[in-house]
Every structure is written in C-alpha cells, then in structure tokens.
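Notes for the one structure printed next.
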Amino acid sequence: MVEPLRMMTQAEREKAAEEAGYNTFLLRSEDVYIDLLTDSGTSAMSDRQWAGLMLGDEAYAGSRNFYHLEASMREVYGYKELIPTHQGRAAEHMLSQLLIKDGDVIPGNMYFTTTRLHQELAGGTFVDVIIDEAHDPESLHPFKGNVDLAKFQAVIDEYGADRVPYVCIATAVNMCGGQPISLENLRAVSELAHQHGILVVHDMTRCAENALLIKEREDGCAEKTVRDITREICDLTDAATMSSKKDHLVNIGGFLAVNDPELADKARNMVVVYEGLHTYGGMAGRDMEALAIGIQECVEFDHIKSRVGQVEYLGEKLQEGGIPIVQPIGTHGVFLDAKKFLPHLDQDQFPAQALAAEIYVDSGVRSMERGNVSAGRDPKTGGNRRPPLELVRLTIPRRVYTQAHMDVVAESVKAVYDARAAARGLRMVYEPKYLRFFQARFEPL
Ligand code: P71
C-alpha cells in the first residue's frame with residue numbers, strides 16, 4: 001500500500017506548528033511530510049498479515065484467532081498464559097494493579113512514561129537501577145540497557161525484598177536510545193531477583209530488536225538465531241507486558257503474558273472489566289490474526305537486520321554531518337542530543353521540544369521530544385525532573401520508508417544544526433495532569 005506525501009511551504013508549516021502549540025503530537029498527520037514521531041502502530045503489515053485479516057473470526061467468545069495468537073506467543077516466547085489487551089499500557093495497568101501495594105518500590109532499567117505512571121497510580125515508586133552509562137549520550141558501552149546490580153541490591157537492602165514486588169526489565173530500552181541489555185546481565189538480574197523472591201517482569205515491546213544486538217555484540221552469541229536469543233531472554237523472566245504495535249508490526253494490539261497460573265486467572269478476571277472478554281481483550285479477531293503472524297515475522301533475521309540497519313544508516317549519516325546523537329546507534333530510532341545541539345537553552349526552556357518543532361518547520365519531518373517534557377514533574381518537589389538525557393527521537397517505522405527518505409531527514413537535521421544559534425526556547429502554556437508531553441502546549445520565548 002502506498003500513500004502520497006504532501007509537501008507544504010515553510011510558511012504553512014510555521015502556521016501548523018503554532019496551531020499545534022509547538023507539540024508534534026498535536027500536528028495533523030496530513031501536515032507531515034516524513035513521519036518519524038514513533039514506530040508504534042506505524043509499521044507496514046506484510047502480505048501474510050493482510051491475508052490474515054481476511055480470516056478474522058469475529059465471534060464474541062473463543063475466536064479461533066485468539067487460539068492462534070496464544071499458540072504463536074507460546075511457541076516464540078514460551079510464556080505459559082496469554083491475556084490479550086488493546087495495547088501495551090493496558091497490560092501495564094493490570095499488572096501494576098495486581099502486583100503493587102501502596103508504598104512498594106519497583107526497580108527498573110530506566111523509566112518509561114506509561115510504565116512508571118501505572119506503577120505510581122498503583123501506589124508504587126519507580127527506582128532507576130540502570131547503569132550510569134545509559135544516562136551519558138557519548139558512552140559507547142555496547143549494552144547501555146544493563147542493570148547496575150549494586151544499585152538493584154541497594155534497593156533490596158534499603159526497602160526489604162517484601163516491598164519489591166518485581167523488577168521491571170525492558171529490552172531495547174526506549175528512553176536512553178533503544179539500547180540493549182545483555183543476556184549475561186539479564187541472567188545475573190534474574191538470579192538476584194529470584195534469590196529474594198522478586199519477580200522479573202519483562203517489558204518486551206522491542207525484544208527482537210534487542211536480540212539482534214545481542215547476536216551482533218555479545219560474546220558467544222554470533223551463532224545463535226534471533227529467535228533463540230529472544231526465547232532465552234523470555235525464559236529468564238516471569239511475566240511480560242507487550243505493545244505489539246512495535247516488534248509485531250501491527251497497527252493495534254498487545255498482551256500480558258505470565259507464567260503463574262494464579263496471576264493469570266486474576267488478570268483474566270480484570271481484563272473483562274477494562275478491555276473485553278479474555279479471548280479478545282480489546283482487539284478484533286482480525287487484529288489478533290495479524291498479530292499472531294507478526295510474532296513469527298519479527299524474529300526473522302532478514303527482517304530485523306534490515307530494520308535496525310536502516311536506523312544505523314540514518315545515524316551514520318548524521319554522525320558524518322557532525323550532529324550530536326546518542327551513541328551507540330540504537331534499535332528503533334536515532335536520538336539527537338538536544339543539550340549539545342542547542343547549548344544556549346536552559347533545560348526548562350525545553351530544548352528538545354524546541355528542536356523537534358524547528359525540524360518540523362524546516363522540512364515537515366516529525367520527531368518526538370524525549371526529555372524534560374516527557375519526564376514530567378517530580379511528585380515530591382513539583383519541579384521539572386530535568387533528566388540527564390534531553391533528546392529528540394527520529395523514530396523509524398518498520399518497512400515503510402526508503403533510504404532516500406532517510407537522506408531527506410539527514411539533510412533537514414543538518415540545515416537546522418547550521419542555523420542552531422538562532423533557535424529559541426519554549427514556555428509551557430498548557431500542562432495536562434498525566435503524561436503531559438502528549439497534549440502540552442507551548443509558545444516561543
Ligand atoms: C513509543 C511508544 C508510544 C508512546 C507511549 C507513550 C509516550 C509516547 C509514545 C510505547 C511503549 C514502549 C515501551 C517500552 C510500553 C509502551 C506502551 N511506546 N513500553 O515509543 O515503548 O505501549 O503505546 O502500546 O500503550 O512511541 P502502548
């Protein structure tokens with residue numbers, strides 16, 4: 001399926017940016033030339049997935065597509081029980097409500113916006129236990145998604161294991177640039193957690209992409225298949241939340257997967273309150289069919305190699321142009337270092353937000369802020385969190401764009417870089433209570 005791109009004038013884009021409150025989430029998609037906002041739900045489905053849509057069994061209960069999905073998930077990931085949801089955050093919501101008690105702490109390898117919010121809404125507090133290198137855009141550590149075991153141990157010592165219901169481990173850690181965790185580190189995390197009776201919950205949104213980087217970077221893994229590495233990752237964990245809108249190449253869908261049958265029963269009961277019956281969980285039968293097929297496709301080497309390879313192509317182009325980006329180049333996008341890009345702006349002038357708007361105005365390329373706006377406010381002090389990483393994510397949908405599109409993106413970022421001294425910061429003029437980055441509005445300073 002192809003879609004025409006509409007090129008607008010710079011003056012039209014300036015107007016669109018202003019109307020969107022300088023927030024790329026508030027732009028109309030029609031006003032975007034190349035859409036690198038996210039890789040979530042924006043990938044192109046394969047011929048097999050489109051064919052699968054035609055096999056949708058839209059029975060309310062017991063759809064055959066659910067059983068296919070369940071079998072596909074078990075075959076590739078090995079988790080015992082599947083609870084379907086409409087997307088990832090619904091799985092996070094249920095899992096947080098089921099496992100977290102008031103006052104609990106949840107260590108994790110960096111926060112993710114929706115994940116942390118659901119932990120907090122359930123009465124928990126997130127504690128970052130990722131290695132320090134993850135917060136440094138220039139560090140070349142090959143596994144910046146790794147957990148610092150001393151930090152994890154310190155959380156257990158400080159709060160006691162009974163206040164740590166689980167440790168949340170993301171693969172291809174989103175907020176630090178799509179950085180992988182190694183099998184060796186995950187093995188050690190799993191061992192430490194299990195010694196203390198702490199569950200390991202896997203945010204497996206981009207697990208196959210992480211598995212590819214393990215194959216390429218970790219000693220002793222070059223001969224393993226991406227599929228086998230993926231399975232090895234899952235086998236080290238007890239439960240998983242999945243946004244299928246990423247790895248699984250579908251426009252909507254997700255699930256909670258668990259090994260404990262009792263927890264599964266509780267989640268199956270909860271899903272009927274929030275999502276739908278436990279054999280569809282908010283998805284149509286046809287969506288489940290496409291998802292079942294996507295699970296098989298995402299661990300195919302040729303697919304995942306070309307997907308991550310395209311991200312590398314864009315990253316290398318930008319590096320050649322002297323643009324400050326997060327290194328090493330990650331899995332699902334290239335992350336611009338807005339602090340270095342716009343060093344004359346204070347972090348409370350939202351340099352990443354401003355940079356995303358500048359790139360849009362220059363070329364119609366849409367990106368996403370991943371910095372001070374995304375991090376939100378510290379509940380204790382009420383101030384902006386001012387995270388070490390102030391990034392703009394150029395996120396690449398799977399199987400959608402060509403290298404020529406990437407060249408256009410690189411040219412635009414370079415043009416904005418050349419004109420960077422004139423870039424102004426932003427003032428937030430509307431701030432929603434939850435996940436403010438989605439709907440906040442800004443004005444130029
Ligand atoms: C991404 C998204 C979509 C998104 C979500 C929140 C803010 C901005 C954009 C979604 C993820 C994710 C990870 C690691 C859970 C979810 C939620 N990512 N974990 O990167 O990346 O899944 O969107 O299906 O509810 O653009 P959901």
Side-chain angles (χ1 to χ4, degrees), residues 23-27 35-43 83-96 106 108-119 121 126 128 130 134 145 168-181 201-210 233 237 239-257 274-275 281-283 287 291 294 311 330-335 352-353 356 366-376 387 389 391-398 400 432 434-440:
N23 184 345
T24 53
F25 279 106
L26 300 180
L27 289 166
D35 202 347
L36 305 189
L37 180 71
T38 178
D39 62 335
S40 182
T42 55
S43 296
I83 297 95
T85 60
H86 78 284
Q87 62 184 77
R89 69 196 73 177
E92 293 172 344
H93 169 222
M94 291 194 296
L95 188 84
S96 302
I106 304 91
N109 55 348
M110 196 165 274
Y111 85 101
F112 185 72
T113 53
T114 57
T115 319
R116 181 175 64 192
L117 177 62
H118 282 297
Q119 292 165 357
L121 291 173
F126 167 80
D128 189 17
I130 204 165
C168 182
I169 300 300
T171 32
V173 181
N174 194 350
M175 297 302 281
C176 63
Q179 301 293 335
I181 181 171
V201 172
H202 177 199
D203 180 342
M204 62 180 303
T205 299
R206 297 179 182 84
C207 182
E209 295 180 0
N210 192 123
I233 294 171
T237 67
T241 55
M242 180 63 171
S243 171
S244 294
K245 301 172 71 172
K246 285 80 166 176
D247 261 6
H248 294 158
L249 302 147
V250 288
N251 306 118
I252 194 72
F255 56 74
L256 175 64
Y274 293 103
E275 296 283 290
M283 283 182 279
D287 296 331
L291 171 39
V311 175
T331 50
H332 61 301
V334 179
F335 291 64
Q353 189 78 30
R366 169 153 73 172
S367 57
M368 188 191 291
E369 190 267 5
R370 299 276 75 174
N372 205 9
V373 183
S374 294
L389 294 175
L391 309 175
V392 170
R393 188 182 72 177
L394 298 160
T395 338
I396 307 187
R398 300 162 189 78
V400 172
Y434 300 116
L435 304 174
R436 64 182 185 178
F437 54 88
F438 281 131
Q439 291 145 336

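Throughout, residue positions are numbered sequentially from 1 according to the sequence presented. Just so we're clear, the structure is a prediction, and the values are computed from it rather than from any experiment. Just so you know, these numbers use all the heavy atoms, side chains as well, and skip hydrogens, waters and symmetry mates. Just follow the structure's listing: the first ligand is 1, and inside any ligand the first atom is 1.
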Option with minimal heavy-atom separation from [atom], where the choices are [options]:
{"atom": "atom 6 (C) of ligand 1", "options": "Thr395, Thr113, Leu435, Thr85", "value": "Thr113"}
{"atom": "atom 20 (O) of ligand 1", "options": "Arg393, Arg370, His332", "value": "Arg393"}
{"atom": "atom 10 (C) of ligand 1", "options": "His118, Lys246, Met175", "value": "Lys246"}

(message) Which residue in the set Gln87, His202, Met204 passes side chain to side chain contact (heavy atoms under 4.5 Å, CB included) when paired with Met242?
(response)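 Per the side chain to side chain contact (heavy atoms under 4.5 Å, CB included) rule, the option paired with Met242 is Met204, out of Gln87, His202, Met204.
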Look at [atom] and say which protein heavy atom is nearest, naming residue and atom and giving the distance to 0.1 Å.
{"atom": "atom 9 (C) of ligand 1", "value": "Met368 CE, 3.8 Å"}
{"atom": "atom 25 (O) of ligand 1", "value": "Arg89 NE, 2.7 Å"}
{"atom": "atom 17 (C) of ligand 1", "value": "Thr114 OG1, 3.6 Å"}
{"atom": "atom 24 (O) of ligand 1", "value": "Ser243 OG, 2.6 Å"}
{"atom": "atom 16 (C) of ligand 1", "value": "Phe112 CE2, 3.5 Å"}
{"atom": "atom 15 (C) of ligand 1", "value": "Glu92 OE2, 3.1 Å"}

(message) Checking Thr115 now: which residues fulfil side chain to side chain contact (heavy atoms under 4.5 Å, CB included) with it, not counting sequence neighbours?
(response)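 Side chain to side chain contact (heavy atoms under 4.5 Å, CB included) list for Thr115, sorted by chain: Glu92, Phe112, Gln119, Cys168, Asp203.
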Is the shortest N/O to N/O distance between [X] and ligand 1 below 3.5 Å?
{"X": "Asp203", "value": "yes"}
{"X": "Asn174", "value": "yes"}
{"X": "Asp39", "value": "no"}
{"X": "Thr115", "value": "no"}
{"X": "Gln87", "value": "yes"}

(request) Would you tell me whether Thr24 and Glu369 have side-chain atoms, one donor and one acceptor, within less than 3.5 Å of each other? (result)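 No, no side-chain donor-acceptor pair sits under 3.5 Å.
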Look up atom [atom1] in [X] and atom [atom2] in [Y], then write down how far apart they are to the nearest 0.5 Å.
{"X": "Glu209", "Y": "Thr171", "atom1": "CD", "atom2": "OG1", "value": "9.5 Å"}
{"X": "Phe255", "Y": "Leu291", "atom1": "CZ", "atom2": "CG", "value": "6.5 Å"}
{"X": "Met175", "Y": "Asn109", "atom1": "CE", "atom2": "CG", "value": "13.0 Å"}
{"X": "Ser40", "Y": "Asn251", "atom1": "OG", "atom2": "CG", "value": "10.0 Å"}

(message) Regarding Asp39 and Lys246, does a basic nitrogen lie under 4.0 Å from an acidic carboxylate oxygen?
(response)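 Salt bridge absent between Asp39 and Lys246.
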Which ligand 1 atoms, with their elements, are less than 4.0 angstrom from a heavy-atom of [X]?
{"X": "Thr38", "value": "1 (C), 26 (O)"}
{"X": "Phe437", "value": "7 (C), 8 (C)"}
{"X": "Gly88", "value": "22 (O), 24 (O), 25 (O), 27 (P)"}

(request) Going by the side chain to side chain donor-acceptor pair (under 3.5 Å) test, name the single residue among Asp247, Asn174, Thr205, Thr395 that passes it with His332. (result)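 The passing option is Asn174.
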(request) Count the heavy atoms belonging to other residues, nucleotides or ligands that lie under 6.0 Å from OH of Tyr434, then report whether that count exceeds 12. (result)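 For Tyr434, atom OH is not crowded (no more than 12 foreign heavy atoms under 6.0 Å).
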(request) Look at the rings of His93 and His118 and say which category their plane angle falls in: under 30° parallel, 30 to 60° tilted, over 60° perpendicular. (result)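 Ring orientation of His93 relative to His118: tilted.
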(message) Please classify the Arg206 to ligand 1 contact at 4.0 Å (heavy-atom distances, strictly less than): side chain, backbone, both or neither.
(response)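 Side chain only.
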